[in-house]
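Single-structure report; data block below.
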Amino acid sequence: MRRPWVAVGLSAAALYPAFAGVRYVQARTEAWPPPSISVTPGAARYASAVTADDLAKLILVRLRRFNAAPLAGHRDTFGKDRLKAWTWTYLARAAVRAYRLSRDPRLIQLVLEGADKYEAAAGLHDPALGFGWYTEDERAKRLYREVPVTGLIMAPMVDLLQESQRDPELAKLVEPHRERLMSLLRRAILGLDQRYIEEGGKGYYLLPSGQDVEPINLMSVYARPLLGLWQLTQDPESLREVTGIARTWKSALTLREDGSITWPHTPRPSTFAARPDPAEVMIKSSAAIEFPLAAFEAGLVFERADIEALARAPATTLLTHVDATHYQLRAYLDANNDAYVSAATTDIGTVLRPASWYQYGCYDPALNATLDAYLFGIDPKFYRITELALLGMAQRLVLEAEPQHCGAPGRLAVLGR
């Protein structure tokens with residue numbers, strides 16, 4: 001006997017009471033059809049109501065709160081303290097973008113204050129360990145540097161320096177801090193080149209243990225600011241590494257005849273054919289996709305067809321529009337994989353991950369409409385729920401405000417990516 005549909009709410013801790021208005025993910029008590037995400041029809045119209053001032057006010061409040069709290073002492077589910085790097089990178093990068101639209105200098109001041117905190121945090125450990133940001137692993141009872149954590153912390157500073165190159169008003173705010181920021185970035189990457197390996201020109205980074213490869217999304221969150229640092233300094237080693245990662249990325253990316261895309265979670269060039277890895281997890285893809293876009297716009301390795309296929313991924317690969325009030329969201333970036341996001345195993349932050357695709361708005365004319373219908377359908381103020389969603393919304397507004405820069409050479413500096 002077939003069981004009826006059962007509406008199951010998202011994590012209460014994530015939703016109540018602050019986000020009690022968010023609609024629920026609906027799950028079925030049997031394996032098929034897949035679970036779906038309930039949305040409000042026609043909610044895409046709310047996108048036009050979001051202003052730069054809305055974002056600026058929200059970011060100011062959150063960055064002040066972030067800067068007032070200690071960086072250390074926040075362990076994840078694995079018992080690792082990563083100095084709040086994920087929160088910082090999304091929030092501070094959103095601030096740099098929001099400044100471009102709002103011109104509020106307080107945003108920049110708060111980013112600089114955050115950079116000061118991270119500069120101090122890099123010197124907290126035993127000098128014998130070397131300068132850098134160390135993960136404190138409670139289970140392993142040791143400290144170690146992680147390539148992605150370094151990238152996450154660097155990224156807002158790189159964004160700020162790149163944006164200041166094309167904005168004279170911002171340059172005046174940044175100039176007193178420029179040399180210190182550049183010194184901090186140079187010191188932060190020292191020694192990490194020893195984690196970089198190449199096979200036939202294709203590169204990857206090793207985990208701190210040195211025994212396995214970083215997943216592609218974690219390599220990407222370091223390679224992206226390293227690319228920006230190369231653009232600022234013309235450092236040949238930085239260029240060598242980002243080019244090698246880009247070659248690995250392009251080799252891993254599969255464009256299918258049906259228009260969908262996929263790539264493996266942990267690509268190692270020597271094992272592409274011999275040991276196919278599982279496809280990238282949907283929640284990880286949001287961290288991966290910025291690097292190929294930045295590399296393409298810097299003229300490295302990727303072709304426009306790659307970027308356009310990535311831009312179409314929400315429609316071709318991730319989201320299925322079931323009916324006017326329901327979507328399905330794949331758990332893996334693979335149209336051939338029938339695992340979907342379920343209310344039983346997720347929270348609101350997971351279903352908002354596609355917001356990161358707003359940065360590809362220049363490369364698919366239908367992308368904003370696709371994302372708006374889904375994200376604003378979940379909640380008209382979805383961008384207030386997570387820092388990643390906030391960054392996605394800031395990226396959307398920047399591209400909307402300056403369409404003349406879409407896809408143009410040098411757009412990296414224009415958008416402070």
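Side chains are part of it too, since the values below use all heavy atoms of this structure and drop only hydrogens, waters and symmetry mates.
The aromatic rings of W249 and F302 lie perpendicular to each other, with more than 60° between the two planes, well past the 30° mark. Taking the six-membered ring where tryptophan is involved, the planes of H321 and Y327 are essentially parallel, since the angle between them stays under 30° and well short of 60°. Between W86 and Y90, the ring planes are tilted. Angles from 30° to 60° get that label.
Atoms CD and CD, from E297 and Q231 in turn, are 10.0 Å apart once rounded to the nearest 0.5 Å.
One finds no salt bridge joining R64 and E113 here, because no Lys/Arg side-chain nitrogen approaches an Asp/Glu carboxylate oxygen to under 4.0 Å. A salt bridge is absent between E199 and K202; no separation between the charged side-chain nitrogens and carboxylate oxygens falls under 4.0 Å. At a threshold of 4.0 Å, the pair D116-R180 counts as salt-bridged, since one of the basic side-chain nitrogens sits closer than that to a carboxylate oxygen. Ion pairing between a basic and an acidic side chain is recognised when a charged N comes within 4.0 Å of a carboxylate O; R93 and E290 show such pairing. With respect to the salt-bridge test (charged N to carboxylate O, under 4.0 angstrom), the residues E214 and R195 do not qualify.
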Exercise. I would like to know whether L112 and V174 meet side-chain contact (heavy atoms from CB on, under 4.5 Å); could you show each step before the answer?
Key: CA-CA 8 Å; L112 290 168; V174 173; 5.5 Å; no
Exercise. I would like to know whether Q165 and L232 meet side-chain contact (heavy atoms from CB on, under 4.5 Å); could you show each step before the answer?
Key: CA-CA 9 Å; Q165 285 190 322; L232 290 166; 3.6 Å; yes
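Side chains of D258 and S260: a donor on one and an acceptor on the other come within 3.5 Å.
For residues 388-400, every residue pair satisfying the salt bridge (Lys or Arg N to Asp or Glu O under 4.0 Å) rule, not counting sequence neighbours, is listed here: D372-R396, R396-E400.
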